[in-house]
Amino acid sequence: MARIIFTDNLRRHIDCPEQEAAGTTVAEVLGNLFISQHKLKGYVLDDQDRLRKHMLISVDGELIQDRITLSDTVREDSDMYIMQALSGG
């Protein structure tokens, strides 16, 4: 199963410890994750199940390319980081 790690800036806002979830795409992994972390879904995805503008996801050190259908590949031994994008000046 893929390992899902949440950055500290996101964990300040919502309880989301490191977890593991099965799936071969980002969408599948998130779907399995949200079964046990249903409050997290509304923070990460919008009402059309697209990645919110203020969120970033990387898989094995690379930012995902498909922010709409979340079709990027996830391997069984992947590390997936979910983080809140920071902005400001």
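These numbers come from the heavy atoms of this one structure, side chains and all, not from hydrogens, waters or symmetry mates. Values in this document were obtained by computation on a predicted structure and should not be read as measured data.
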Reported [atom1]-to-[atom2] distance for the pair [X] and [Y], which is rounded to 0.5 angstrom:
X   : Y   : atom1 : atom2 : answer
L33 : I4  : CG    : CD1   : 4.5 Å
I64 : L51 : CD1   : CG    : 5.0 Å
R3  : D60 : CZ    : CG    : 10.0 Å
D46 : I68 : CG    : CD1   : 9.5 Å
E18 : I5  : CD    : CD1   : 5.0 Å

**Asked** Do the side-chain N and O atoms of E62 and S58 include a donor-acceptor pair separated by under 3.5 angstrom?
**Response** no
[X] and [Y]: which non-hydrogen atoms are nearest, and at how many Å?
X   : Y   : result
M55 : I82 : CE-CG2, 3.8 Å
V29 : M80 : CG1-CE, 3.6 Å
L70 : L45 : CD1-CD2, 3.8 Å
R52 : Y43 : CD-O, 3.3 Å
E20 : M1  : CB-CB, 4.1 Å
V26 : V59 : CG2-CG2, 3.9 Å

Would you say the side chain of [Y] lies within less than 4.5 Å of the side chain of [X], judging by non-hydrogen atoms?
X   : Y   : result
Y81 : I57 : no
R67 : L56 : yes
S71 : E28 : no
C16 : K39 : no

**Item:** Test item: D72 side-chain N/O and Q65 main-chain N/O as donor-acceptor pair under 3.5 Å
**Value:**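 Judged by distance alone, yes, a pair lies under 3.5 Å.
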**Prompt:** So, K41 and D49, do they make that salt bridge, N to O below 4.0 Å?
**Reply:** yes
